[in-house]
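Here the structure is laid out as structure tokens; the discussion comes afterwards.
Order of the sequence lines fixes the chain letters, A, B, ..., with proteins taken first and strands second; residue numbering starts at 1 for each chain. All values below were derived from every heavy atom in this structure, side-chain atoms included, with hydrogens, water molecules and symmetry-related copies excluded.
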Amino acid sequence: MSREYENDGALHAKLIEEVLSHYPDKAAKRRKKHLNVAKSGNEAGGESEVLSECDVKSNIKSIPGVMTIRGCAYAGSKGVVWGPVKDMVHISHGPVGCGQYSWSQRRNYYVGTTGVDTFGTMQFTSDFQEKDIVFGGDKKLEQIIDEIEVLFPLNNGITVQSECPIGLIGDDTEAVSRKKTKEYDKTIVPVRCEGFRGVSQSLGHHIANDAIRDWVFDKKDVKFEAGPYDVNVIGDYNIGGDAWASRILLEEIGLRVVGNWSGDATLAEIERAPKAKLNLIHCYRSMNYICRHMEEKYGVAWMEYNFFGPSQIEASLRNIAKHFGPEIEEKTEKVIAKYRPLVDAVIAKYLSRLEGNTVMLYVGGLRPRHVVTAYEDLGMVIVGTGYEFAHSDDYQRTGHYVKNGTLIYDDVTGYELEKFIEGIRPNLVGSGIKEKYPVQKMGIPFRQMHSWDYSGPYHGYDGFAIFARDVDLAINNPVWDLFHAPWKRSRGDERAMAAE
Amino acid sequence: MPQSAEKILDHAPLFREPEYRKMLAEKKLNFECPHPDEIVSDQRDFTQTWEYREKNLARKALVVNPAKACQPLGAVFAAAGFERTMSFVHGSQGCVAYYRSHLSRHFKEPAAAVSSSMTEDAAVFGGLKNMVDGLANTYQLYDPKMIAVSTTCMAEVIGDDLHSFIQNAKDEGSVPRDFDVPFAHTPAFVGSHVDGYDNMVKGILEHFWKGQERTQVEGAINIIPGFDGFCVGNNRELKRLLDVMGVSYTFIQDASDQFDTPSDGEYRMYDGGTKINEVKKALNAEATLSLQHHNTRKTLGYCEEVGQATASFHYPLGVQATDEFLMEVAAISGKEIPEAIRLERGRLVDAMADSQSWLHGKKYAIYGDPDFVHAMARFVMETGGEPTHCLATNGTSAWEADLKKLLASSPFGKAAQVWAGKDLWALRSLLFTEPVDLLIGNSYGKYLERDTGTPLIRLMFPIFDRHHHHRFALFGYQGALRVLTTILDKIFDKLDRETSETGVTDYSYDLTR
């Protein structure tokens, strides 16, 4: 249910001009390239299905001192791609902090006996001390791997997630990994995701993908008979159970999900992935690299899909089914019909409470476009969106989702985001934990769109119902009407007084 | 179909539905290649044995589930306790995203800080340019009164020199020459967040005090609270006590308002904190008191250097620790402890006497920052409890010695064991082999609670999974009353839960306890 609307492009252009005027010249010049107003596809002469052009510079260095919201390559590798692989031990290799701050924060749900055969919500660190910096940490890493084998013998593999100092002091984690792989006959993966590499989490995703290619694929004789309907789900981290709410649908339409990357995944699911018939990729930004590799080397086709909100779910299911032919297509129509009453009931319940409400988004590399239609399915309007670490292909894809006049901000700074929100005063902001409390202080409802604000799943039909409930409870909670002390003159009155 | 619009199920109930259980069981069976159940349960049982404990405690290199963070987190927390101060962390930018998230998840509050966003080229050529541009941008965008610079381990490894970089930035006009930019080197591979706190506070004091003439004001006291996740409740409670006493005092580093701003439509990036003028004047105080000895060793050393008397405490919580703190304040300030405070003390002791039968002989495991563990162990002993395991991942040998002395002073501490430098995976073995009644720590302890069945009481930073506890004081007699009540609630709730099965335990489910 893509809704027709247009945003106030003139206001948004003015807001951009205003924020830029506060920067030192050099920074203003650089930031200008990251901010824009989406132009309608026709005006820009785009293809018919492209709604708008989102022309901003992206994936370049953040400016020092401006309060970027981005993270680092380690966050992209350990935090996003590798961390959820549940039967491996992931060593945060370096000082204690990185592992501590990322410990159990992504909500990658899994089932397993933690500390015994599963290690997801644990923090393994080499806790570097000064002597490790001075003399190098390779010996210590060997000893750590030995100790892991003694205390956690049921691990199915180990990854070494390099923190900043590793690359700077010249440690050879590859050599240690090779040696210990041989010794224990186990998969040990060194990942060069030092935080200073690249400009954001994004390079960490890429490095993590490459590590799968170089250190996992073709290393073992994988005994697995592939069936005709075998697919991998790639780039679903099972946040709040997202991958489970997706898997149930894919199985219902007759597919067999042989691997889920990497939420609730085991190493075995990664190893056998090249044998599947199709890779279904949800988070394109973090895992397109390995899909391209599997296509090139093993001939596994890949397809992007979107399981946020009924419009996209239906379109995606049909698109996936088309790949497998009439039998699956028929089942798919039945599944869509089966869930239709749920969708209708959810929309009937919430549309009148949410219709016309405006939303600003600022998330990572996928959701700033992928969730747009889910809000629109509930009658809501997306007025601004932006990514922490998107590349230009993401902004191209964004054009399929956002309407003319939408405010677009890449690698937004704390200052810009605050001013944009103040200027637009949307009914809801969807972003991360660092943004949550400033926005709420301004009296504007907020939902965390990385962690689902401790709720979820949001994928699939089951997830859409939860998403609708959560958006409603955020916007329509009575607390937002209590901000103003009744004995103080209202802010409107004060403004009127000031104008006199 | 488990989901319906009338009764929407989110993750907790949804995945317990039969459709999902079946799906997950089949996923495991067909695709996960798991170890056989028997091997998993054997290994699980093995992790609960003395044999496993010995292997676990023999670890030399691997650290699993540590209860400590890195220095710059402490520096960012420290800077948040000064008027309109922006933290500027020199090094990789991801670190700053982590500190901000970590603080926000605990306080449920905004946490502002900027990074100099160093990348590979800065790793090769140094981060001077990042400092020069960064300070200019921060100064112009965020209108701070002071920018407090600390470092990530990247900047430390490549050896960037903050003093000369800041000078260079001032020479290039990034900030006015007289603008305050104190700094501290805070390498993540030395110590922990409590040392980062120490270094940053010392850096700020040095910045304002160095080369200044000191004219002692008799009876004036500085108070440095240390890294404290309960600063919101604690600092306010302590100020109340000092105000009741009529003491002239300055909190050096006070994040109680910064991490507790009101919701009234305005986002305050800065709120409260020690005024810069007060920091300057604090040089003249007669004495500086640290509320957390192990958080402030360098800072107190510097205070002594400038000629101040110093005294330090271990998180003034409980009866005797509060007594000692107040008597020290009374001695320095020359003010008497008023009757109102004696009555407060009496009310706490009254409460402890009322409940002593439920507390006497209870065994505890306590972990957290060094001074907190010291304080909790002491209070537990005051209630007749036994602190069986006292663990601080960031505890030093000096901490261990201090604490052992305290434990030796009471019959309730006789069986206590002190674990300096050990982590929570080690504590897991300790809890299995030498069980206790209650575990006192932070949110990370919930995994220990799940595995070992030991009820967890959250009284230590960080608390992510419970709300607002940090808004209430643990310090002083009032704080102790709250700690006492929290412990008792945990004991009574457990007893009720264990005796609530109708037809089985109709006895013991008492109305009055």
Side-chain angles (χ1 to χ4, degrees), chain A residues 24 27 61-62 64-68 70-72 75 95-97 100-101 111 113 116-117 122-125 127-130 133 140 143-144 147 150-151 154 164-165 168 195-197 240-241 248 258 266 268-269 342 345-346 349 415 433-434 437-438 441-443 455-456 462 465-466 469 483, chain B residues 3 5 8 10-11 14-15 20 23-24 31-33 35 40 43-44 55-56 59-66 68-70 92-94 97-98 100-102 104-105 109-110 114 116-120 123 130 133-138 140-141 153-154 157-158 188-190 261 263-265 267:
Chain A
K61 273 196 277 191
S62 304
V66 296
M67 210 179 308
T68 175
R70 284 173 168 177
C72 64
V96 68
Q100 202 70 3
Y101 309 127
V111 180
T113 310
V116 178
D117 67 346
M122 295 176 72
Q123 133 73 330
F124 292 84
T125 173
D127 190 16
F128 258 39
Q129 301 300 305
E130 194 146 31
I133 301 287
K140 186 176 199 177
Q143 204 179 349
I144 284 171
E147 290 177 355
V150 171
L151 292 170
L154 300 188
C164 286
L168 298 172
F196 61 82
R197 295 193 197 278
I248 206 162
V258 299
T266 59
E269 293 178 52
L342 171 68
V346 168
K349 185 171 176 181
Y415 177 81
I433 184 70
K434 305 191 288 301
Y437 300 106
K441 302 273 180 197
M442 292 157 76
S455 178
D462 289 347
I466 302 162
R469 178 200 71 176
F483 275 43
Chain B
Q3 195 64 288
I8 291 173
D10 63 18
H11 53 88
L14 181 66
F15 299 128
Y20 278 101
M23 182 189 87
L24 291 174
F31 303 112
E32 292 188 355
C33 301
H35 296 284
V40 175
Q43 174 64 20
R44 191 187 54 213
K55 289 173 198 264
N56 191 2
R59 266 185 286 141
K60 291 271 183 293
L62 172 68
V63 173
V64 186
N65 298 354
K68 67 169 180 181
C70 67
S92 299
Q93 72 191 13
Y98 278 144
R100 295 181 63 204
S101 303
H102 207 67
S104 281
R105 285 177 179 132
E109 285 288 320
V114 300
S116 66
S117 294
M118 286 166 67
T119 53
E120 256 163 311
N130 299 65
D133 290 350
L135 286 179
N137 289 331
T138 304
Q140 197 147 332
L141 281 185
C153 55
M154 178 215 187
V157 171
I158 65 173
F189 44 82
V190 176
T261 61
S263 268
D264 58 5
Y267 161 47

- request: Spell out, as yes or no, whether a donor-acceptor pair under 3.5 Å connects the side chain of A:Y101 to the backbone of B:C70.
  value: yes

- line: If one checks every heavy atom of A:K61 against chain B at 4.5 Å, the contacting part turns out to be side chain

query: For B:L135, is it the side chain, the backbone, both or neither that has a heavy atom under 4.5 Å from a heavy atom of chain A?
result: neither

message: Counting heavy-atom pairs under 4.5 Å with chain A, which one of B:L14, B:N65, B:N56, B:I8 comes out on top?
response: B:N65

query: With chain A, which of B:C33, B:A69, B:A136 has the greatest number of heavy-atom pairs at distances under 4.5 Å?
result: B:A69

statement: Correct closest heavy-atom pair for B:P66 and A:Q123 would be CD-CG, 3.3 Å

- line: With chain B, the option among A:A345, A:G195, A:P24, A:P165 that has the most non-hydrogen atom pairs under 4.5 Å is A:P24

message: To the closest 0.5 Å, what do you measure between OG (B:S92) and CZ (A:R197)?
response: 11.0 Å

message: Tell me which of these, B:S104, B:P110, B:G94, B:S117, has more heavy-atom pairs under 4.5 Å with chain A than the rest.
response: B:P110

task: Work out which heavy atom in A:V346 is nearest to a heavy atom in B:A5; give both atom names and the distance.
output: N-CB, 3.7 Å

- prompt: How long is the gap from NE2 on B:H102 to CD1 on A:I433, to the nearest 0.5 Å?
  reply: 12.0 Å

task: With a 4.5 angstrom heavy-atom cut-off, could you sort out which part of B:L141 is near chain A: side chain, backbone, both or neither?
output: both

message: Between A:K441 (side chain only) and B:T261 (backbone N and O only), is there a donor and an acceptor less than 3.5 Å apart?
response: yes

message: Taking side chain as everything from C-beta outward and backbone as N, CA, C, O, which of these in A:K140 sits under 4.5 Å from a heavy atom of chain B? Side chain, backbone, both or neither.
response: both

message: Test of understanding: with side chain to side chain contact (heavy atoms under 4.5 Å, CB included), list the residues that count as partners of A:Q129, not counting sequence neighbours.
response: A:D127, A:K131, A:D132, B:K68

- request: Would you name the heavy atoms of A:T113 and B:R44 that are closest together and state the gap between them?
  value: CG2-CD, 3.9 Å

- line: Nearest heavy-atom contact between A:E269 and B:F31 is CG-O, 3.5 Å

Under 4.5 Å from any heavy atom of chain B - which part of A:C72: both

message: Please identify, among A:T68, A:V150, A:I248, the residue contributing the most non-hydrogen atom pairs under 4.5 Å to chain B.
response: A:I248

field: Heavy-atom proximity to chain A below 4.5 Å, by part of B:H11
entry: both

query: Looking at A:R469, A:K434, A:Q143, which makes the most heavy-atom pairs under 4.5 Å with chain B?
result: A:K434

field: Shortest non-hydrogen contact from A:P64 toward B:N137
entry: O-ND2, 3.0 Å

- prompt: Just wondering, do A:V111 and B:F15 contact through their side chains at under 4.5 Å, heavy atoms?
  reply: no

query: Any sub-3.5 Å donor-acceptor pair from B:Q43's side-chain atoms to A:D117's backbone N or O?
result: no

message: Which one wins on heavy-atom pair count under 4.5 Å against chain A: B:T119, B:V157, B:T138?
response: B:T119

- prompt: Which bit of B:S263 is near chain A, if near means a heavy-atom gap under 4.5 Å: side chain, backbone, both or neither?
  reply: both

message: Looking at chain B, which one of A:V258, A:T266, A:D462 has the largest number of heavy-atom pairs inside 4.5 Å, strictly under?
response: A:D462

field: Toward chain A, the part of B:M154 with a non-hydrogen atom under 4.5 Å
entry: both

task: With a 4.5 Å cut-off on heavy-atom pairs, point out which of A:S455, A:P438, A:A465 contacts chain B the most.
output: A:P438

task: Using a cut-off of under 4.5 Å on heavy-atom pairs, state which of A:L151, A:V66, A:I466, A:I133 scores highest against chain B.
output: A:L151

- request: Could you pull out the closest heavy-atom pair between B:V40 and A:V116, with the gap in Å?
  value: O-CG1, 3.5 Å

